[in-house]
Number of protein chains: 2
Amino acid sequence: MITTENSDALAQRLADSGLRSTPQRGLVYEALLKTRDHPTADELYVRVKSDLPTISLATVYNCLETLVHCHLVRAVNFERGPTRYCPNLQPHAHFHDDDTGETHDIDLPASLLHQVNAVLPGGYHSSSIEIIFRGKSPHRRASATKA
Amino acid sequence: MITTENSDALAQRLADSGLRSTPQRGLVYEALLKTRDHPTADELYVRVKSDLPTISLATVYNCLETLVHCHLVRAVNFERGPTRYCPNLQPHAHFHDDDTGETHDIDLPASLLHQVNAVLPGGYHSSSIEIIFRGKSPHRRASATKA
DNA sequence: CTTGATGTTTAGAATGATTCTAATTCTGTA
DNA sequence: TACAGAATTAGAATCATTCTAAACATCAAG
Ligand SMILES: [Mn+2]
Ligand SMILES: [Mn+2]
Ligand SMILES: [Zn+2]
Ligand SMILES: [Zn+2]
């Protein structure tokens with residue numbers, strides 16, 4: 001799920017913004033695509049360091065800022081916690097599981113977005129709508145219990 | 001809009017939680033009710049200091065935590081900005097004006113909340129839904145241009 | 001190829017909202 | 001009045017993030 005298509009998309013978007021394609025940017029984006037669990041900058045730092053041990057946390061922040069700016073990644077905030085990052089570009093909401101702390105994507109049909117938008121009184125024009133749920137999500141079964 | 005009714009509500013809620021009614025708590029809550037512009041803790045600190053110059057910022061934070069805990073006030077977070085506080089207990093969304101930075105309340109009919117809730121796949125149970133709009137809101141007219 | 005301009009990365013310092021700590025002050029009751 | 005627990009206070013600590021300044025890399029001339 002990583003390869004050429006995404007890799008090209010990245011190079012393309014960077015070029016569109018007059019930015020260079022670098023190993024750091026590629027690896028941060030790749031790490032984000034590989035495990036779609038809404039990691040924080042710190043978590044990505046750890047993951048990317050195994051491939052590029054010299055990368056710095058500042059660079060991870062810089063790359064993420066760039067990716068968000070290129071519209072390849074969304075920044076997700078929940079209460080006062082560290083910002084999380086999401087490569088899902090479809091319209092979706094976030095569900096925060098109170099028990100596990102996990103963040104799940106919830107697809108949002110366009111019709112719902114219209115309904116939500118319709119509650120705005122006259123004169124309001126929204127450029128974005130963010131929806132966040134909190135609660136309990138179905139426990140995914142342990143994929144295999146070892147010995 | 002401040003007086004006995006709200007004042008009693010505060011005393012009552014505090015008592016319910018085994019907490020004391022103090023001048024600091026009263027003033028912070030009053031300041032929140034008086035100007036419903038979703039102030040930050042710092043802004044409330046400034047406002048309350050004119051009535052009680054000895055109050056500390058830590059106390060403002062403590063009082064807000066207490067008020068949130070008593071369900072008299074909602075904490076509102078937007079991206080990485082400082083937490084804002086809202087005494088509107090009705091179900092409502094927040095609209096952040098990109099130009100002015102102001103935060104406005106948007107009433108949410110129960111029917112919409114149901115619709116939103118309905119997008120959750122089976123097994124998800126939400127205990128709260130938060131909706132945040134960004135965009136442009138109607139300019140309220142300057143109430144009188146001086147000179 | 002050099003060279004310079006510019007973009008990028010890096011380590012570490014700085015920032016800023018919030019929380020914590022420890023001491024002091026209050027309040028309600030014995 | 002005296003004490004226990006609650007609340008307030010000033011200032012230190014925390015922590016995610018941003019900033020700074022220096023080192024590096026890359027590209028486009030010359
Ligand atoms: Mn973060
Ligand atoms: Mn705040
Ligand atoms: Zn997401
Ligand atoms: Zn509000």
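Residue numbers start from 1 in every chain, and the chains themselves are labelled A, B, ... in the order their sequence lines are given, proteins ahead of strands. All of these numbers come straight from a predicted model, not from anything done at the bench.
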Contact under 4.0 Å: [X] side-chain N or O vs [N] OP1/OP2:
X: B/Tyr61; N: C/dT19; value: no
X: A/Thr83; N: D/dA16; value: no
X: B/Thr22; N: D/dT8; value: yes
X: B/Arg80; N: C/dA17; value: no
X: B/Thr59; N: D/dT9; value: yes

Rounded to whole angstroms, how far apart are [atom1] on [X] and [atom2] on [N]?
X: A/Asn77; N: D/dT17; atom1: CG; atom2: C1'; value: 11 Å
X: A/Ile55; N: C/dA11; atom1: CD1; atom2: P; value: 10 Å
X: A/Lys49; N: C/dA11; atom1: NZ; atom2: C1'; value: 13 Å
X: B/Leu57; N: D/dT8; atom1: CG; atom2: P; value: 14 Å
X: A/Leu52; N: D/dC24; atom1: CG; atom2: C1'; value: 14 Å
X: A/Asn62; N: C/dG12; atom1: CG; atom2: P; value: 16 Å
X: A/Leu44; N: D/dA16; atom1: CG; atom2: C1'; value: 14 Å
X: A/Gln24; N: D/dA23; atom1: CD; atom2: P; value: 18 Å

| Do the rings of B/His104 and A/Tyr124 sit parallel, tilted or perpendicular, given the 30° and 60° boundaries? | perpendicular
| field | Mutual orientation of the aromatic rings belonging to A/His38 and A/His94 [parallel < 30°, tilted 30-60°, perpendicular > 60°] | value | perpendicular
Donor-acceptor pair, [X] side chain versus [Y] backbone, under 3.5 Å?
X: A/Asp97; Y: A/Glu102; value: no
X: B/Arg20; Y: B/Ala15; value: no
X: A/Arg47; Y: A/Ala31; value: no

| task | Please figure out whether B/Leu19 or B/Tyr45 has its closest DNA chain D nucleotide nearer the 5' end. | result | B/Leu19
Atom pairs, protein N/O to nucleotides 26-30 of chain C N/O, distance under 3.5 Å:
unit_1	atom_1	unit_2	atom_2	d
C/dT27	O4'	B/Arg20	NH1	3.2

| query | Under 3.5 Å, is there a donor-acceptor pair between the B/His92 and B/Arg74 side chains? | reply | yes
| salt bridge (charged side-chain N to carboxylate O under 4.0 Å, His left out) assessment of B/Arg84 paired with B/Glu43 | CA-CA 9 Å; B/Arg84 295 179 170 277; B/Glu43 288 165 352; 3.7 Å; yes
